[in-house]
Amino acid sequence: MLEAKLAMSEAMVRVRFAPSPTGYPHLGNIRTALFNWVFARHNNGFFILRIEDTDVARLVEGATDVILESLRWLGLDWDEGPYFQSQRLELYREAADRLLKQELAYKCYCSTERLESMRQEQMKRKQPPGYDRRCRNLTREQRAEMEASGITPVVRFKSPLEGQTSFNDLLRGQIIFENSTLDDFVLLKSDGYPTYHLANIVDDHLMEISHVLRADEWLSSAPRHVLLYQALGWQPPQFAHLPMILGADRSKLSKRHGATAITEYQEQGYLPEAMFNFLVLLGWALDDKTELLTREEIIKHFSLERISRAAAVFNKDKLEWMNGVYLRGLSSEEFAQRAIPFLEKDLQTAINRPLDIGYVRQLMPLAQERARTLAEVPQLSEFFFVEELEYDVGLLLSKTDKAEAIRSLQASVARMDSLKDWNAAPLEAVFRPLAEELKLKTGVFFGLLRVAVTGRTAAPPLFQTMEVLGKERCLKRLRAALDKLVV
RNA sequence: GCCCCCAUCGUCUAGGGGACUAGGACGUCAGCCUUUCAAGCUGAAGACAGGGAUUCGAAUUCCCUUGGGGGCACCA
């Protein structure tokens, strides 16, 4: 019984996403969250959210909210948390005290100025920068002296001076570091807050995290973490360092790369389901051909073994394509629902709000076929809403001369006037023969009508557009076009 | 400078010794469809970084070089 329980808890997957609220999460951060979440769901495990707010100086107001919002947007629900490290300071202090007591850590009184100039000097001499361990072996007297001078010390870890530290990375195999390349890093800052290294280890242990799936950039500090686990006598979790997502210039994603915050993609009209699908494909693939997968399929098939080791460059074109596919896959009702906020927000202010929902529903399918993002919908459909079309007369005359355009439009007005059944099919049944009568190619004639009716040369199919616009609007617009030509 | 990771079309990737004249997707180009646009369909161009080694056989294994990335804070 006990054994069964042990085996079970051993197999229990508990992963965490542990962002720091020093900025808004970008694609890379969220991809890490997503891999953790999918891994948890695949294994019927737990996905834990932990906010690593131990840097008081760099804390960004509202960042935590944006983190939560980003996760919610993508449907990455968490089973525990959010925990806040700022509320757990006592735990880190206890761990640091223990290490101090066991002489596995020591207090360091060096000033930041000294450390800075030391680093400068090391760089100048092309030496690897790192703490020179001046305080590592202070005598009792020296320490008393420092304490007396009122300096608030930091606590540093006593890294082993020789030997190796290694661990098995689930993606990369055995990773070995020479201890001599590690310096005595800080565990506890002088403000009483822990550094990432300490807090991370304490929490991962206390929260019984089974797998740490984090970005590649952490690989270099992994030996410090392993050493810390050893010093504290704890079993380290399994590590997997995920490939990073790079910007188009192949460097680490940062503010420089434009739309970094994931919430901006929401504003730009991307669907969370498309983003989810796209993101999982950045570093993971099911097979040699599947690109489109539902969330359920992803959960079902996800595995660490199929994660690639190489960093990936974010390819926005592909995201856009995929978003378009998801957009077209929506029911027209669903599409309308999602597009309406964008219409309300971006349609020109001269257009009355609230919009006529019935009318919106009618025209949405025409935009749905063409949009790659929801943000494009207002632009694609604006001509449906404006009272007066604004366009250059020249557009009417791009394929015909003036006399012919006038003659054609007049004939069209006459036919329209007498048309009872205002639908795409009957409209086409009227205008196709009319083109023949006018001795115009359909391309030319329909092109003329298109400009008159939409003010553009590129628009949804003419007769469907006319159907949605309605007889009154169409007549009005043809007459407006005639006015433009006659004047 | 030191340490670590990585390396297949422009980009995302499949490939885990013979099934590879290296597959798919985005993008690009061409054609078809067509009242324009979009979508769709068909096709084309496009990659195993280089050099050694192992092997009957290497995109696949090993080594070196080169290239790219990351780290080296009282930041995470």
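In what follows, every chain begins at residue 1, and chains take the letters A, B, ... in the order their sequences are listed. All values reported here derive from a predicted model rather than from experimental measurement.
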* Just by distance, do the side chain of A:Glu376 and the backbone of A:Arg372 share a donor-acceptor pair under 3.5 Å? -> yes

* Asked: How far does the C1' atom of B:G16 sit from the matching atom of B:G23, given to the nearest Å?
  -> 15 Å

* Mind checking the P distance from B:C62 to B:C5? Whole angstroms is fine. -> 13 Å

* To do: For nucleotides B:G18 and B:G57, find the distance between their P atoms and express it as a whole number of Å.
  => 14 Å

* What nucleic acid atoms does A:Gly283 come within less than 4.0 Å of, heavy atoms only: base, sugar-phosphate, or nothing? -> sugar-phosphate

* A:Pro129 side-chain proximity, nearest of B:C74, B:G70, B:C72 -> B:C72

* So does A:Gln122 reach the base of B:G1 with its side chain, donor to acceptor, closer than 3.5 Å? -> no

* Please say which of A:Arg134, A:Lys107, A:Arg136 ends up in a salt bridge (Lys or Arg N to Asp or Glu O under 4.0 Å) with A:Asp184. => A:Arg136

* So what does A:Leu286 touch, heavy atoms closer than 4.0 Å: a base, only the sugar-phosphate, or nothing? -> nothing

* Asked: Whole-Å distance between B:A38 P and A:Gln379 CD?
  -> 13 Å

* Give A:Arg372 one of three labels, base, sugar-phosphate or nothing, depending on what nucleic acid heavy atoms sit under 4.0 Å from its own. => sugar-phosphate

* Closest to side chain of A:Thr112, choosing from B:C74, B:C37, B:G69 -> B:C74

* Asked: Given atom CZ of A:Arg224 and atom P of B:C75, what is their separation to the nearest angstrom?
  -> 14 Å

* Presence of donor-acceptor pair under 3.5 Å, side chain of A:Ser190 and base of B:C74 -> yes

* Would you mind reading off the distance between A:Ile175 atom CD1 and B:C6 atom C1', rounded to a whole angstrom? => 11 Å

* Asked: Taking the side chain as C-beta and beyond, is there a heavy-atom pair between A:Pro194 and A:Leu187 under 4.5 Å?
  -> no

* To do: Please confirm whether any donor atom in the side chain of A:Ser251 sits under 3.5 Å from an acceptor in the base of B:G69, or the reverse.
  => no

* Structure fact -> Quick note, A:Asp288 side chain, CB onward, closest among B:G71, B:A14, B:U35 is B:A14

* Asked: Under 4.0 Å: is that the gap between some side-chain N or O of A:Arg250 and OP1 or OP2 of B:A7?
  -> no

* Does A:Lys441 make a side-chain N or O approach to OP1 or OP2 of B:U34 shorter than 4.0 Å? -> no

* Asked: Which nucleotide, B:C3, B:G10, B:U13, lies nearest any side-chain atom of A:Asn315?
  -> B:G10

* Nucleotide forming a Watson-Crick or wobble pair with B:C2, both distances under 3.5 Å -> B:G71

* Which is true for A:Glu52 with a 4.0 Å heavy-atom rule: it touches a base, it touches only sugar-phosphate, or it touches nothing? -> sugar-phosphate

* Between B:A25 (C1') and A:Glu291 (CD): distance, integer Å -> 4 Å

* Side chain of A:Phe446 (C-beta onward), nearest among B:U35, B:G27, B:C74 -> B:U35

* Sticking with atom C1', work out how far B:A39 lies from B:C32, rounded to a whole angstrom. => 14 Å

* Start at the 5' end of RNA chain B and walk down; is the nucleotide closest to A:Ala459 or to A:Pro128 reached first? -> A:Pro128

* Touch class at under 4.0 angstrom, heavy-atom based, for A:Thr22 against every strand present -> nothing

* From B:A38, B:G71, B:G1, nucleotide with atom closest to A:Ser220 side chain -> B:G71

* Asked: Can you find a donor-acceptor pair, distance only, under 3.5 Å between A:Lys318 side chain and B:A25 base?
  -> yes

* **Presence of donor-acceptor pair under 3.5 Å, side chain of A:Arg58 and base of B:C75** => yes

* Aromatic ring centroids of A:His205 and A:Tyr229 under 6.0 Å? -> no

* To do: Would you classify A:Leu462 as touching base, sugar-phosphate or nothing, given that sugar-phosphate means primed atoms plus P, OP1 and OP2, and contacts are heavy atoms under 4.0 Å?
  => base

* Asked: What is the nucleic acid contact for A:Arg306, judged by heavy atoms within less than 4.0 Å: base, sugar-phosphate only, or nothing?
  -> sugar-phosphate

* Measure the distance from CG on A:Leu171 to P on B:C5 and round it to the nearest whole Å. => 13 Å

* Taking only the side-chain nitrogens and oxygens of A:Thr54, find out if one of them lies under 4.0 Å from OP1 or OP2 of B:A76. => yes

* **Rounded distance (Å) that lies between atom P of B:C6 and atom CH2 of A:Trp218** => 19 Å

* A:Glu390, CD: over 12 other non-hydrogen atoms inside 6.0 angstrom -> no

* **Presence of A:Arg328 side-chain N/O under 4.0 Å of B:G40 phosphate oxygens OP1/OP2** => yes

* To do: Select base, sugar-phosphate, or nothing to describe what A:Pro19 touches, counting heavy atoms under 4.0 Å on all strands.
  => nothing

* Look at A:Arg432 and B:U34 and indicate whether a side-chain polar atom (N or O) is within less than 4.0 Å of OP1 or OP2. => no

* Contact class for A:Val313 (heavy atom, under 4.0 Å): base, sugar-phosphate, or nothing? -> sugar-phosphate

* Asked: Does a side-chain N or O from A:Lys316 land closer than 4.0 Å to OP1 or OP2 of B:U11, or not?
  -> no

* **Over 12 foreign heavy atoms within 6.0 Å of CZ, A:Arg93** => no

* Touch check for A:Cys110, heavy atoms < 4.0 angstrom, all strands: base, sugar-phosphate only, or nothing? -> base

* To do: Side chain of A:Ala310 only, please: which of B:A7, B:A39, B:U35 is the nearest?
  => B:A7

* To do: Calculate the interatomic distance between A:Arg450 atom CZ and B:C37 atom C1'; express it in whole Å.
  => 8 Å

* **d(CG, A:Asp216; P, B:G69) in whole Å** => 13 Å

* To do: With P as the reference atom in both, quote the distance from B:C9 to B:C63 in angstrom, rounded to an integer.
  => 22 Å

* In whole Å, what separates the C1' atom of B:C64 from that of B:U21? -> 31 Å

* Would you classify A:Pro460 as touching base, sugar-phosphate or nothing, given that sugar-phosphate means primed atoms plus P, OP1 and OP2, and contacts are heavy atoms under 4.0 Å? => base

* Using a 4.0 Å heavy-atom cut-off across all strands, classify A:Pro194 as base, sugar-phosphate, or nothing. => sugar-phosphate

* **Flag side-chain contact, heavy atom, 4.5 Å: A:Leu366 against A:Phe384** => yes

* Asked: Hey, does A:Tyr131 reach any base, or is it just sugar-phosphate, or nothing, if we go heavy atoms under 4.0 Å?
  -> nothing

* Using the ring of each side chain (for Trp, its six-membered ring), is A:His197 parallel, tilted or perpendicular to A:Phe185, with breaks at 30° and 60°? -> perpendicular

* Ignoring hydrogens and angles, are the base of B:C37 and the side chain of A:Arg370 linked by a donor-acceptor pair under 3.5 Å? -> yes

* Of the nucleotides B:A25, B:U35, B:G69, which has the atom closest to the A:Trp321 side chain? -> B:A25

* Asked: Given that A:Lys289 and A:Trp284 both sit by RNA chain B, which one's nearest nucleotide is further toward the 5' end?
  -> A:Trp284

* If only side-chain N and O atoms of A:Arg119 are considered, is one of them under 4.0 Å from the OP1 or OP2 phosphate oxygen of B:C72? -> no

* **Pairwise distance OH(A:Tyr131) to CG(A:Asp183) - rounded to 0.5 angstrom** => 10.0 Å

* Does the side chain of A:Asp203 pick up a donor-acceptor pair with the side chain of A:Tyr92 at under 3.5 Å? -> yes

* Would you indicate which nucleotide in B:G69, B:A38, B:G10 comes nearest to any side-chain atom of A:Met244? => B:G69

